[in-house]
Amino acid sequence: MAFSVSIFASLAPYLVSLLILFLLIEQLSYLVKKRNLPGPLFVPPIIGNAVSLVRDPTSFWYKQSATAGTSRGLSANYLIGKFIIYIRDTELSHQIFSNVGLNAFHPLGHPFGKQLFGDHSLIYLFGEDHKTVRRHLAPNFTPKALSTYSDLQQIVMFRHLREWEESFSGGTKPVSMRDLVRELNLETSQTVFVGPYLDKEARNRFRTDYNLFNVGSMALPINLPGFAFSKARRAVMNLEETLSVCAGKSKERMATGEEPKCLIDFWMHAIVTEIESGNPPPLHSEDEAIGGLLFDFLFAAQDASTSSLLWAVAFLESNPEVLSKVREEVAKIWSPESGELITVDQLAEMKYTRAVAREVVRYRPPATMVPHIATNDFPLTESYTIPKGTIVFPSVFDSSFQGFTEPNRFDPDRFSETRQEDQVFKRNYLAFGWGAHQCVGQRYALNHLVLFIAMFSSLFDFKRLQTDGCDDIIYCPTISPKDGCTVFLSKRVVTYPNLSLS
């Protein structure tokens with residue numbers, strides 16, 4: 001024991017010197033990469049400013065944006081061994097989105113997404129692999145498929161809205177809608193994506209695992225037993241395994257010639273048809289790979305939609321003239337008392353309501369940034385080259401407030417056929433991404449938001465519980481109102497509709 005202490009004592013000065021040298025090199029490396037970009041001159045060793053990010057992500061990213069606004073639309077920082085660049089300027093963001101590939105930028109989905117999402121994510125496919133998978137996803141979003149999903153979406157929505165009416169209607173007790181909307185969206189995603197193949201027990205496990213994933217995605221990326229990030233990784237594996245089992249069941253059912261009933265059926269039907277035609281199985285059509293790709297859909301649909309539905313309620317309540325126009329339009333096209341679902345033709349007629357949905361997504365894009373990693377040095381401007389290994393954060397949020405007429409005003413009419421700002425300022429409307437990795441399910445997502453706005457505004461009167469900072473942005477992991485959108489609910493219809501697929 002004494003000998004060991006003696007050895008350690010003799011080595012201690014060298015170990016301390018090596019540690020100091022490592023920290024010095026780390027700081028110098030950061031400053032060399034940063035060059036003349038605005039950002040902190042000193043960063044905490046090893047972890048960088050990760051603690052500030054996890055403690056208050058809203059303030060962290062607001063400061064990055066404000067700092068970038070002082071110089072060329074860029075700012076720098078350091079997170080757990082990674083040099084990062086925040087991009088506020090829309091045109092600079094387009095340089096990232098337009099140069100996704102093996103030799104430029106890789107999307108991450110999350111600053112530590114590869115560790116979290118695994119190897120079968122669509123986010124990490126490139127070239128022919130990416131094109132092939134997207135081509136085989138096309139049958140999932142045909143008019144026939146979207147019509148099938150619309151019916152399923154409405155049935156789940158009505159069931160949850162009725163539960164809200166029974167539990168919270170009356171207008172005497174405020175209710176935070178965040179958890180209610182999250183549960184609605186989780187069941188909608190399960191039903192639309194893999195509905196017939198999940199029993200009650202599997203759905204409950206699904207809910208538990210997805211909650212673990214949500215918590216872990218906002219935690220420090222410490223991949224050790226007991227830490228939230230590690231639990232999230234295990235939860236993703238469980239979810240992908242569950243979804244891969246669903247893929248196998250769907251393939252068996254589609255091989256018998258039955259009609260598709262959910263998204264995975266449309267997908268597997270196309271794959272089975274191709275194989276039965278004598279062609280080899282498409283790339284990434286194994287059950288395990290399908291499970292990973294389906295998780296991408298779940299992640300995008302679940303958290304993004306929860307964000308948009310909450311902001312929709314908040315903005316409808318704070319803009320009564322908009323709410324009045326929505327109700328007037330919907331009432332001309334569809335009535336809850338009809339006992340019938342909204343058809344796809346009726347949905348297409350709700351042009352103002354769709355404009356409201358698009359404005360919600362512009363004004364509060366659910367995923368405010370789209371992180372990428374530079375696989376090589378990349379000359380972004382004449383005076384700055386992004387170093388290899390840098391994680392860049394193009395800001396979709398900042399782009400939403402550039403170019404548009406009075407961008408800080410919530411104004412659905414900007415998407416009218418007269419003004420068409422979605423075309424005039426198309427390069428600034430980046431909520432669904434841009435280029436090869438643009439969101440493949442954006443029509444489904446907008447339909448979901450339009451259906452919710454139409455039904456919720458028709459069935460309920462609602463009044464926001466106004467508190468200081470209730471509209472402040474928080475990350476969980478997509479953005480939502482700080483108060484969870486707390487409202488008083490009261491029923492607008494005399495008799496609640498009894499709707500079903502039949």
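Along the sequence shown, residues carry numbers from 1. Heavy atoms only: backbone and side chains are in, while hydrogens, waters and symmetry mates are out. Model, not experiment: these values are computed from the prediction.
A donor-acceptor contact under 3.5 angstrom links the side chains of E337 and S335, judged on distance only. For the residue pair Q402/T90, the side-chain donor-acceptor check at 3.5 Å is satisfied. In the model, N238 has no side-chain atom that pairs as donor or acceptor with a side-chain atom of Y210 under 3.5 Å. Donor-acceptor pairing under 3.5 Å is recorded for the side chains of N77 and Q64. In summary, the side chains of R88 and S395 do not present any donor paired with an acceptor at a separation below 3.5 Å, with no hydrogens or angles considered.
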**OP:** Output, in order, the C-alpha distance, side-chain angles, deciding distance and verdict of ring pair (Phe, Tyr, Trp, His ring centres under 6.0 Å) for Y149 and H448.
**Re:** CA-CA 9 Å; Y149 307 155; H448 187 70; over 10 Å; no

Original post:
When you look at N185 and R182, which way does the side chain to side chain donor-acceptor pair (under 3.5 Å) test go after all the steps?
Top reply: CA-CA 5 Å; N185 280 330; R182 181 179 288 147; over 6 Å; no

**OP:** Output, in order, the C-alpha distance, side-chain angles, deciding distance and verdict of ring pair (Phe, Tyr, Trp, His ring centres under 6.0 Å) for Y30 and F42.
**Re:** CA-CA 9 Å; Y30 164 73; F42 171 82; 9.0 Å; no

**OP:** Please report the C-alpha distance between Y475 and D56 in whole Å, then the side-chain angles of each, then the deciding distance to 0.1 Å, and finally whether the side chain to side chain donor-acceptor pair (under 3.5 Å) criterion is met.
**Re:** CA-CA 9 Å; Y475 286 78; D56 188 353; over 6 Å; no

Original post:
Going through the checks in order, is the salt bridge (charged side-chain N to carboxylate O under 4.0 Å, His left out) test met by K325 and E321?
Top reply: CA-CA 6 Å; K325 290 176 71 174; E321 73 288 352; over 6 Å; no

**OP:** Evaluate side chain to side chain donor-acceptor pair (under 3.5 Å) for S399 paired with N428, printing each intermediate quantity in order.
**Re:** CA-CA 5 Å; S399 291; N428 299 89; 5.4 Å; no

Original post:
Could you walk me through whether E187 and R159 pass the salt bridge (charged side-chain N to carboxylate O under 4.0 Å, His left out) check?
Top reply: CA-CA 10 Å; E187 186 179 348; R159 183 161 58 246; 2.3 Å; yes

Subject >> S75/T67 under side chain to side chain donor-acceptor pair (under 3.5 Å): CA gap, chis, key distance, verdict >> reply: CA-CA 6 Å; S75 63; T67 303; 5.4 Å; no

Original post:
Do E328 and K332 pass the salt bridge (charged side-chain N to carboxylate O under 4.0 Å, His left out) test, and can you show the C-alpha distance, the side-chain angles, and the key distance before you say yes or no?
Top reply: CA-CA 7 Å; E328 182 180 352; K332 290 178 180 177; 3.7 Å; yes

Subject >> Check against ring pair (Phe, Tyr, Trp, His ring centres under 6.0 Å), F410 and F315 >> reply: CA-CA 8 Å; F410 185 82; F315 292 137; 4.8 Å; yes

**OP:** Starting from the C-alpha separation in whole Å, work towards a yes-or-no answer on salt bridge (charged side-chain N to carboxylate O under 4.0 Å, His left out) for R205 and D199.
**Re:** CA-CA 10 Å; R205 288 198 309 269; D199 57 26; 5.5 Å; no

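In terms of modelled atom types and a separation under 3.5 Å, the side chain of S458 and the main chain of A454 share a donor-acceptor contact. W164 contributes no side-chain N or O that, together with a main-chain N or O of L489, makes up a donor-acceptor pair within less than 3.5 Å. Under a 3.5 Å cut-off, the side chain of S176 and the backbone N or O of T486 do not form any donor-acceptor pair. E329 contributes a side-chain N or O that, together with a main-chain N or O of K351, makes up a donor-acceptor pair within less than 3.5 Å.
For the salt bridge (Lys or Arg N to Asp or Glu O under 4.0 Å) test with D471, the passing option among R364, K482, R464 is R464; the others fail. The one candidate from V245, L243, T242 that meets the side chain to side chain contact (heavy atoms under 4.5 Å, CB included) condition with L198 is T242. When each of E406, E421, Q420 is tested with R414 by the rule side chain to side chain donor-acceptor pair (under 3.5 Å), just one qualifies, namely E421.
Scanning all heavy atoms of the two residues, the minimum distance from L309 to L449 falls at CD1-CD1, 3.7 Å. The two residues I46 and Y78 make their nearest non-hydrogen contact at O-CE2, 4.0 Å. Minimum interatomic distance between P40 and A76 (heavy atoms only, all atoms of both residues): CD-O, 3.4 Å. In terms of heavy-atom proximity, V396 sits nearest to P365 at CG1-CB, 3.8 Å. When all heavy atoms of E359 and R409 are compared, the closest pair comes out as OE2-O, 3.3 Å. I96 and I386 get closest at one heavy-atom pair: CD1-CD1, 4.2 Å.
Atom SG in C439 sits 11.0 Å away from atom OH in Y444 (nearest 0.5 Å). Atom CG of L430 is separated from atom NE2 of H94 by 4.5 Å, given to the nearest 0.5 angstrom. Between atom CZ of residue R354 and atom OG of residue S416 there is a gap of 15.0 Å, rounded to the nearest 0.5 Å. To the nearest 0.5 Å, atoms CG (L53) and NZ (K63) are separated by 11.5 Å. From L146, atom CG reaches atom CG of L263 across 9.5 Å, with rounding to the nearest 0.5 Å. Atom OG of S150 is separated from atom CG of L341 by 7.5 Å, given to the nearest 0.5 angstrom.
Taking a 6.0 Å sphere around CD of E417, one finds it holds 12 or fewer heavy atoms contributed by other residues, nucleotides or ligands. In D468, the CG atom is not crowded: 12 or fewer heavy atoms of neighbouring residues, nucleotides or ligands sit closer than 6.0 Å. The environment of R234 atom CZ is sparse: at most 12 non-hydrogen atoms of other residues, nucleotides or ligands sit within 6.0 angstrom.
Residues S480 and T478 fail the side-chain proximity criterion, which asks for heavy atoms closer than 4.5 Å. Side-chain contact between D413 and Y352: present, with at least one pair of heavy atoms (C-beta onward) separated by less than 4.5 Å. Side chains of I87 and F393 form no contact here, defined as non-hydrogen atoms less than 4.5 Å apart. Looking at M350 and I342, their side chains come closer than 4.5 Å, going by heavy atoms from C-beta outward. Looking at I474 and R178, their side chains come closer than 4.5 Å, going by heavy atoms from C-beta outward. Between T208 and N211 there is no side-chain heavy-atom pair separated by less than 4.5 Å. Side-chain contact between D89 and L74 is absent, with no heavy-atom pair separated by less than 4.5 Å. Annotation: side chain of P481 is not in contact with side chain of D472 (no heavy-atom distance under 4.5 Å).
Both tests hold for R362 against F404: distance to the six-membered ring centre under 6.0 Å, angle to the ring axis within 45°. Geometric assessment of R358 against the ring of Y429 yields a positive cation-pi assignment under the 6.0 Å and 45° thresholds.
Two rings, from F141 and F266, have their centers 6.0 Å or more apart. Aromatic ring centres of F105 and F97 lie farther apart than the 6.0 Å criterion allows. Note: F213 and F295 meet the aromatic proximity criterion, with ring centroids under 6.0 Å apart.
We find that R162 and E166 are joined by a salt bridge, their nearest charged nitrogen and carboxylate oxygen being less than 4.0 Å apart.
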